[in-house]
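First the structure, in the form of structure tokens, and then the observations on it.
Computed from heavy atoms alone, side chains included, the values below leave out hydrogens, waters and symmetry copies.
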Amino acid sequence: MTDKLIVFTTCGAREDAEKIAKAVVMEKLAACVNVLPGVRSCYEWEGKMEWSEELLLMMKTTRDRYEELEARIRELHAYEVPEILAVPVAAGLEKYLEWVDSNTRK
């Protein structure tokens with residue numbers, strides 16, 4: 001097991017997704033953010049079934065940076081309750097994992 005995480009969030013607009021991606025990379029909260037368009041989400045919100053076209057952000061970071069990353073996403077996100085999920089990285093290419101470390105150092 002590594003100390004790396006992949007953090008997911010979804011956004012309803014490309015501009016919002018790119019604003020979050022740019023901020024967290026520039027602030028070294030994430031080493032890389034993939035912005036994947038074409039996500040169709042189904043969920044219940046305020047008692048109604050909803051369908052939304054969204055973009056999925058996949059952010060690579062470390063456990064040490066997670067709390068700050070989550071706070072920054074919450075600050076920048078347009079949603080009242082944004083999806084923010086962190087998944088541990090069990091293993092990965094060592095050079096890539098080192099790169100994540102070097103790009104998330106304070």
Side-chain angles (χ1 to χ4, degrees):
M1 187 64 72
T2 74
D3 71 332
K4 307 306 179 282
L5 299 172
I6 299 176
V7 178
F8 296 94
T9 194
T10 53
C11 292
R14 181 183 183 124
E15 297 78 25
D16 293 338
E18 290 178 354
K19 176 177 69 174
I20 291 170
K22 183 177 179 180
V24 301
V25 170
M26 288 181 63
E27 296 167 21
K28 295 195 172 290
L29 299 172
C32 174
V33 179
N34 302 110
V35 179
L36 299 125
V39 173
R40 185 156 166 80
S41 299
C42 176
Y43 53 93
E44 187 175 316
W45 183 251
E46 297 180 346
K48 294 191 300 189
M49 182 66 64
E50 300 282 346
W51 285 94
S52 297
E53 299 297 326
E54 297 182 298
L55 296 98
L56 176 66
L57 281 70
M58 293 176 35
M59 297 167 256
K60 277 66 82 175
T61 193
T62 62
R63 288 184 191 277
D64 289 345
R65 299 299 273 164
Y66 176 76
E67 286 185 27
E68 291 174 90
L69 175 61
E70 179 187 296
R72 190 66 168 125
I73 294 167
R74 291 175 60 206
E75 181 181 313
L76 295 170
H77 213 290
Y79 291 176
E80 182 180 336
V81 181
E83 168 189 12
I84 304 174
L85 300 172
V87 178
V89 174
L93 179 67
E94 191 61 34
K95 289 280 188 192
Y96 183 80
L97 299 177
E98 291 169 5
W99 178 82
V100 171
D101 274 334
S102 68
N103 284 280
T104 55
R105 286 198 187 111
K106 294 180 187 180

Checklist line | Heavy-atom closest pair, residues R105 and K28 | finding: O-CD, 3.1 Å
Notebook entry, point to check: Hydrophobic cluster mates of L85, side-chain heavy atoms under 4.5 angstrom, ILVMFWY only, any path?
Noted result: none
Checklist line | Pairs where residues 17-26 contributes a residue and the test side-chain hydrogen bond (donor to acceptor under 3.5 Å, both in side chains) is met, not counting sequence neighbours | finding: R14-E18
Margin query: My understanding is that a hydrophobic cluster links ILVMFWY residues whose side chain heavy atoms are under 4.5 Å apart, including indirect links. Using that, what else belongs to the cluster containing Y43?
Written below: W45, V81
Next item on the list: Work out which heavy atom in M49 is nearest to a heavy atom in C42; give both atom names and the distance.
Entry: SD-SG, 3.4 Å
Next item on the list: Please name all residues satisfying salt bridge (Lys or Arg N to Asp or Glu O under 4.0 Å) with K4, sequence neighbours left out, ordered by chain then number.
Entry: D101
Check: So, for T9 and H77, which heavy atoms are closest and what is the spacing to 0.1 Å?
Finding: OG1-NE2, 3.4 Å
Notebook entry, point to check: A71: what forms a side chain to side chain contact (heavy atoms under 4.5 Å, CB included) with it, not counting sequence neighbours?
Noted result: none
Notebook entry, point to check: Who are the side chain to side chain contact (heavy atoms under 4.5 Å, CB included) partners of E67, not counting sequence neighbours?
Noted result: none
Notebook entry, point to check: Looking at residues at least two apart in the chain, or sitting in another chain, which of them share a ring pair (Phe, Tyr, Trp, His ring centres under 6.0 Å) with Y96?
Noted result: W99
Note to self: Check for me, please, whether V89 and F8 land in the same ILVMFWY cluster - side-chain distances under 4.5 Å, paths through other members count.
What the structure shows: yes
Item checked: D3: salt bridge (Lys or Arg N to Asp or Glu O under 4.0 Å) partners, not counting sequence neighbours -> none
Note to self: Suppose we screen for salt bridge (Lys or Arg N to Asp or Glu O under 4.0 Å). Which residues come up paired with E53, at least two apart in sequence or across chains?
What the structure shows: R40
Notebook entry, point to check: Residues in salt bridge (Lys or Arg N to Asp or Glu O under 4.0 Å) with E68, at least two apart?
Noted result: R65, K106
Next item on the list: Please list all pairs passing the side-chain hydrogen bond (donor to acceptor under 3.5 Å, both in side chains) test where one or both residues lie in residues 84-93, with sequence neighbours left out.
Entry: none
Note to self: Looking at every heavy atom in both D16 and A78, which two are closest together, and how far apart are they?
What the structure shows: OD2-CB, 3.6 Å
Check: Hey, what else clusters with Y66 if you join Ile, Leu, Val, Met, Phe, Trp, Tyr whenever side-chain heavy atoms sit under 4.5 Å?
Finding: L5, V7, I20, V24, V25, L29, V33, V35, L55, L57, M59, L69, I73, L76, I84
Note to self: Is it the case that over 12 heavy atoms from other parts of the model lie below 6.0 angstrom from the CE atom of M1?
What the structure shows: yes
